[in-house]
Amino acid sequence: MERAIKQRRTIRAYMPQLLVLDQVSQLLWAAQGITEDSGFKRAAPSAGALYPMDVYAVVGQDSVEQIEAGVYQYEPKGHSLSLVTKRDLRDSIARAALSQMWMAKAPINLVITAEYRRVAVKYGNRGIRYAMIEAGHIGQNLFLQAEALGLKAGIVGAFHDKELIEIMKIPRTHEPLLIISVGYAAAV
Ligand SMILES: Cc1cc2nc3c(=O)[nH]c(=O)nc-3n(C[C@H](O)[C@H](O)[C@H](O)COP(=O)(O)O)c2cc1C
């Protein structure tokens, strides 16, 4: 654990090396997996256990073994992925992120979104703050899990929200808060 914290860095150069399904499964588990035996609580804490967050995986062409290029939504309950959009959208996503084109080289980009109404029912406007804090927890879990798998991650907060929603074809109520790119680091 200490090594993962010490070695964690935002990496902005990735190799075109395939990830295996187990690595992606482990990353998604660390982000939002259900960690409570016979329960519903997840890897990251959530105010009031209301879970306003979703994690979408933007997978590139020839990027993850056994997964076709596309956008997938992570379903914590079944620990599964459901297809949202087919196609390698990494270039478009990187362009929507103020043309940070290095992101398009990462085999996978994990988009963390919040649906504020799930927390607003209990906490009102303060729920927005809670969801943003939760995104940070998920991001750090992903960073540390990537390290533990011998992978590297990058964090991106600079992007056009609406463009991202349109490109990914996700519900308008799912507000993107963070993108975490993951892959094998390239020598720079
Ligand atoms: C909320 C947030 C948004 C960020 N957005 C970007 C971004 O859009 N592009 C980028 O290259 N780095 C981004 N970063 C990464 C920071 O630049 C990086 O964390 C900082 O330089 C410290 O480096 P380290 O993460 O390697 O320790 C972001 C970090 C955070 C926490």
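Only a predicted model underlies this, so the values are computations on that prediction, with no experimental measurement involved. In each ligand, atom 1 is the first atom listed, and ligand 1 is the first ligand listed. Counting from 1, the numbers follow the sequence of the chain as shown.
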- Lining ligand 1 at under 4.0 Å, by non-hydrogen atom distance, are residues R8, R9, T10, R12, Q100, W102, I155, V156, G157, A158

Can you give me every donor-acceptor pair (side chain of residues 161-176, partner residue at least two apart or in another chain, under 3.5 Å) with its distance?
{"residue": "T173", "atom": "OG1", "partner": "E115", "partner atom": "OE2", "Å": "2.8"}
{"residue": "H174", "atom": "ND1", "partner": "Y56", "partner atom": "OH", "Å": "2.8"}

- Message: Taking side chain to side chain contact (heavy atoms under 4.5 Å, CB included) as the definition, give me every residue that meets it alongside R87, ordered by chain and number, with sequence neighbours left out.
- Response: L89

- Task: Can you run down the salt bridge (Lys or Arg N to Asp or Glu O under 4.0 Å) pairs that involve residues 53-81, sequence neighbours left out, and say none if there aren't any?
- Result: D54-R118

- Message: Is it the case that the side chain of R90 and the backbone of A106 share a donor-acceptor pair, with hydrogens and angles ignored and the cut-off at 3.5 Å?
- Response: yes

- Item | Ionic contact status for E36 with R42, cut-off 4.0 Å | no

- Message: Looking at Q61, is its backbone amide N or carbonyl O close enough to the side chain of S63 to form a donor-acceptor pair, meaning the two atoms are under 3.5 Å apart?
- Response: yes

